[in-house]
There are 2 protein chains.
Amino acid sequence: MNDRQQPLLRANKIGTSREDLRVHNLSLLLNMVHKSVVISRSDLAAMTGLNRSTISDLVAELNERGLIAEIEKPQASGVGRPSHLVTSSNRVFAFAVEISTYAVRVAAVGLSGNVVERRRVVTGMFPRPEAVVSVIKTLVTDIRSKLDKNSLIAGIGISIPGQVNEQDGSVRLVTTLGWGEVELASMVTAATGLPVTLGNDGTISCAAERDFGAGKGFSDIVYIFGGAGGIGGGVVVGGEMLRGTSGFAGELGHMRISDSRVEDNAGLPGTVEALLKREDLLDVLRLDDADDEELRLAVLRSRSPRLNKLIERQIDILGVAIANCVNIFNPEVVLLAGFLSVLFDADDYRLLANARAGGLAGARERVVIRKAELGANLVFVGAAEIAFAGLLADPAGFELLPPKKFK
Amino acid sequence: MNDRQQPLLRANKIGTSREDLRVHNLSLLLNMVHKSVVISRSDLAAMTGLNRSTISDLVAELNERGLIAEIEKPQASGVGRPSHLVTSSNRVFAFAVEISTYAVRVAAVGLSGNVVERRRVVTGMFPRPEAVVSVIKTLVTDIRSKLDKNSLIAGIGISIPGQVNEQDGSVRLVTTLGWGEVELASMVTAATGLPVTLGNDGTISCAAERDFGAGKGFSDIVYIFGGAGGIGGGVVVGGEMLRGTSGFAGELGHMRISDSRVEDNAGLPGTVEALLKREDLLDVLRLDDADDEELRLAVLRSRSPRLNKLIERQIDILGVAIANCVNIFNPEVVLLAGFLSVLFDADDYRLLANARAGGLAGARERVVIRKAELGANLVFVGAAEIAFAGLLADPAGFELLPPKKFK
DNA sequence: ATCTATTTGTTGTCTAGGGCAACATAATCG
DNA sequence: CGATTATGTTGCCCTAGACAACAAATAGAT
């Protein structure tokens, strides 16, 4: 292996030729429109530094390709000719798939982040991959037939509650599903004829928060999620998702922070996930099942001594996890999602104090710790985001497909 | 605060205009030449995808600016006209400064990574910042007078064994020096008239390993360093150093992994640094002082039961730290430096087994764990690297200074 | 209502910079 | 020594963004 060429070859992807420049600028604009939902042309010019005429040209090209739309009524703010407003096209969709412990959910998500046509099928525990693919095929086909025939499909993004090799589109290990190595992307592509992108649920949710939720405007984010299946995470570094070599990065829940022998879902002892369990809260509250909002209410209402003690213990653990992340990543903001946001509400003072105590002087000073924002649609938006990624990166070269299948 | 504009404004720095394209390509080539030390024009063309004629043009511009040199005797490899070899200029230097517990070291480092004119002054424990600045001034001035008068100076890069705010060039906290908040960059600039860049020692060493050492060719690296002053680290994500919001990122030594109450140098309990001390090895070996090579020899020779036990304990701790990093970053390679490389030599089998045991299936599979390569000059090379950063990013716009001071 | 100042969109022209083809050059190979 | 091959060089082309002039659409002043 020529280890001299390796890292340098990667560099040229940034764009060396004039055509790359065009691609880059189209991508830049489409991303801005996408994330802002609506934005004026003059704002686009100001933010990119590009000339008005160039913006006109680029916007026209994106418009021709059906990726954006210009709103008729111009913006009436301040002196001067009002600027045209640009918005994401309402014709472009991606299918977002969430595979969770015992159900598969599918939705169509528009380029502007609007979620339409939600479907859900209960698969039962430990479904076979083939069964899941079949469900996905059915739901996608169904939704596809409901979409306007002028629509354009970017592809399918699938959220996996486990380890995913993003490069080859294979699932590596999902303990909660009982899956080992599964070539899921190619299976779903074969079934639907659409390009498929897989992503870890933590990474996906984090991306959604970054683009449309509590992480908007930040470029260095640590996202920690607590669900029934364990503790997941995602990290944004310099605006980009932390992926690692194969896409396994960001497993904050499996960070070992204690000498405890208690094991997490992956069999690792003393990790955040091993020590911080949603079930423990449910047990103390004598709840069989509850979503996060019910859990939040129950916690805020009850406050029995046993609960208080548990919450203190959980907050202390979460505090250590946050402090470690702060020392390692020096982020602008730490977002807490799922039942971790319940802990935040239960005693934010103790949580912040704890997180600060373990952080180094420099890094802990400016970091903001807050709850995540996006609720039920979070995973859909994030999953669509990874399906849109190719389109957003190269608006001119990415091929969109019609809603009905040809062949 | 307009949180909509924030992240988007950052995006345009990547390069939107045609001039940015030129800057980008010049930077790309200079970086390639810099890291390869010598490289042929045809390789440059192949790796960047740029046309031969464009490479000619760009190389000519870099040559005119005195940043590179073309080697006369052409490369005689294979059929066809031999390609011109390009190398970094031997006229361009940066001053590398290492501030450590009781000494200051300064060297001039060439753009090709050659270290010349080393100097060292013992400052004693807990020197005042003003004293250190004075030493730096003296040494830099001295070296400056020794350099060829055709030389060009890029600036000063300073390695700090503590927390550094890279954005404003201030030191935040260095417990081993007894420093709190120090505006070091501006002080040294005032004393020398040269632009100054500060960096954390772990980050700097990691950058050096990435560019010229054991990390060459990898784009996702975790670097862990063990020294007398504690455990430091650095992380490379997608070829770029992990910096965080203010440059505090990468403090792997202060990651808490145990319930232990033992505190590290920053007063944090149960961290890697708290549990993994070089002194402990020295104590067991009854050594007062030893550099890493002496330590390595002593460890490999002795193997007393007490030492074995200590090493096992240390390896177990290091294994947890590595596993955590693997789960969080999914790197291609983990580099161990300082006395941690001694642990690797003492029992690499146990270390690898330990690191694997704590890693998740996907991430741990392909990761390589190895010793760092660069020795005595490591910090110099890395410190020079941060001084060269501006030049490498914008070869045409960065102003180089003559060796002698004018005024 | 009308005029002015201000901001934005549009149009045509300019230009920088990378691509390309043709040719020159310098090596290896038969 | 010619054929082949890879590379450097030269001149021309083309694309994409900059720029200037003008048109359009608003707010505010009179």
Side-chain angles (χ1 to χ4, degrees), chain A residues 11-30 38-65 68-86 394-397, chain B residues 11-29 38-65 68 70-86 394-397:
Chain A
N12 77 343
K13 286 187 194 158
I14 304 171
T16 47
S17 75
R18 290 187 336 277
E19 292 146 39
D20 295 333
L21 181 59
R22 183 70 171 188
V23 169
H24 174 257
N25 283 341
L26 284 172
S27 166
L28 184 61
L29 285 198
L30 186 56
V38 285
I39 188 168
S40 73
R41 282 212 228 171
S42 61
D43 280 353
L44 289 173
M47 291 184 210
T48 58
L50 289 164
N51 195 279
R52 292 202 302 270
S53 56
T54 309
I55 294 289
S56 267
D57 195 33
L58 290 166
V59 165
E61 178 165 350
L62 291 174
N63 205 348
E64 269 172 36
R65 293 184 181 278
I68 61 169
E70 297 208 63
I71 295 176
E72 286 309 310
K73 68 153 213 299
Q75 175 193 45
S77 74
V79 203
R81 176 175 176 172
S83 188
H84 293 179
L85 291 175
V86 181
D394 182 5
Chain B
N12 76 344
K13 287 190 192 154
I14 303 169
T16 46
S17 74
R18 291 189 334 277
E19 293 147 39
D20 294 334
L21 182 58
R22 182 71 170 188
V23 168
H24 174 258
N25 283 341
L26 284 172
S27 165
L28 184 60
L29 285 198
V38 285
I39 188 168
S40 73
R41 280 211 230 172
S42 62
D43 280 353
L44 289 174
M47 290 184 212
T48 57
L50 289 165
N51 194 280
R52 293 203 299 273
S53 54
T54 309
I55 295 288
S56 269
D57 195 33
L58 291 165
V59 165
E61 177 164 351
L62 290 174
N63 205 347
E64 269 172 36
R65 294 182 181 277
I68 61 169
E70 296 208 64
I71 296 177
E72 286 309 309
K73 68 158 213 298
Q75 176 191 44
S77 73
V79 204
R81 176 175 178 174
S83 188
H84 292 178
L85 291 176
V86 181
D394 182 5

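Fair warning: this is a prediction, and the values are worked out from it, not measured in the lab.
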Q: Under the salt bridge (charged side-chain N to carboxylate O under 4.0 Å, His left out) rule, collect the residues that match up with B/Asp57, sequence neighbours excluded.
A: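 B/Asp57: salt bridge (charged side-chain N to carboxylate O under 4.0 Å, His left out) contacts with B/Arg22.
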**Q.** Residue list, side chain to side chain contact (heavy atoms under 4.5 Å, CB included) with B/Ala396, at least two apart or on another chain
**A.**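 Residues passing side chain to side chain contact (heavy atoms under 4.5 Å, CB included) with B/Ala396: B/Leu26, B/Glu61, B/Arg65, B/Asp394.
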[options]: which one has an atom nearest the side-chain heavy atoms of [X]?
X       : options                : result
B/Leu21 : C/dG18, D/dA18, D/dT7  : C/dG18
B/Pro82 : C/dG12, C/dA27, D/dA16 : C/dA27
A/Arg52 : D/dG17, C/dT10, D/dT10 : C/dT10
A/Arg41 : C/dG9, C/dA26, D/dG17  : C/dG9
A/Arg81 : C/dT25, C/dG12, D/dA24 : D/dA24
A/Leu50 : D/dT9, D/dA18, C/dA27  : D/dA18

Q. Among residues 57-65 of chain B, which contact DNA chain D at a heavy-atom distance under 4.0 Å?
A.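 Here the set is empty: none.
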Nearest whole angstrom, please: distance from the [atom2] of [N] to the [atom1] of [X].
X       : N      : atom1 : atom2 : result
A/Asn51 : C/dT11 : CG    : P     : 14 Å
B/His84 : D/dG8  : NE2   : C1'   : 6 Å
B/His24 : C/dG18 : NE2   : P     : 11 Å
B/Ile55 : D/dT10 : CD1   : C1'   : 17 Å
A/Leu26 : D/dA16 : CG    : P     : 9 Å
B/Arg22 : D/dT15 : CZ    : C1'   : 16 Å
B/Leu85 : C/dA27 : CG    : P     : 13 Å

What protein N or O atoms touch nucleotides 1-5 of chain C N or O atoms at under 3.5 angstrom, if any, and at what distances?
none

Q.
Could you work out, with side chain to side chain donor-acceptor pair (under 3.5 Å) as the rule, every residue matching B/Asn51, not counting sequence neighbours?
A.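 Once residues adjacent in sequence are excluded, the partners of B/Asn51 under the side chain to side chain donor-acceptor pair (under 3.5 Å) criterion are B/Ser53.
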Q: Could you tell me which residues satisfy side chain to side chain donor-acceptor pair (under 3.5 Å) with B/Ser56, sequence neighbours excluded, listed by chain and number?
A: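 Partners of B/Ser56 by the side chain to side chain donor-acceptor pair (under 3.5 Å) criterion, ordered by chain and then number, come out as B/Arg41.
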Q. Of B/Thr54 and A/Ser53, whose closest DNA chain C nucleotide lies nearer the 5' terminus?
A.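 Comparing both residues, the 5'-ward one is A/Ser53.
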Q) Is a side-chain N or O of A/Ser40 found less than 3.5 angstrom from the main chain of A/Leu85, in a donor-acceptor match? A)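 No, because the side chain of A/Ser40 does not come within donor-acceptor range (under 3.5 Å) of the backbone of A/Leu85.
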(Q) Keeping A/Ser27 on the side-chain end and A/Val23 on the backbone end, is there a donor-acceptor pair under 3.5 Å? (A)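 Flag not set: sc A/Ser27 to bb A/Val23 has no pair under 3.5 Å.
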Q. So, for B/Ile68 and B/Val59, which heavy atoms are closest and what is the spacing to 0.1 Å?
A.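 Between these two residues, the closest heavy atoms are CD1-O, 3.6 Å.
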Q. For B/Ser42 and D/dT7, is the shortest distance between a side-chain N/O and OP1 or OP2 below 4.0 Å?
A.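 Yes, because at least one side-chain N or O of B/Ser42 sits under 4.0 Å from OP1 or OP2 of D/dT7.
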Q. Is A/Asn25 near enough to D/dG17 that one of its side-chain N or O atoms lies under 4.0 angstrom from OP1 or OP2?
A.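 Checking D/dG17 against A/Asn25, a side-chain N or O does come within under 4.0 Å of OP1 or OP2.
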What's the spacing between [X] [atom1] and [Y] [atom2] if we round to 0.5 Å?
X       : Y       : atom1 : atom2 : result
A/Asp20 : B/His24 : CG    : NE2   : 9.0 Å
B/Ile55 : B/Leu50 : CD1   : CG    : 4.5 Å
B/Leu62 : B/Glu70 : CG    : CD    : 10.0 Å

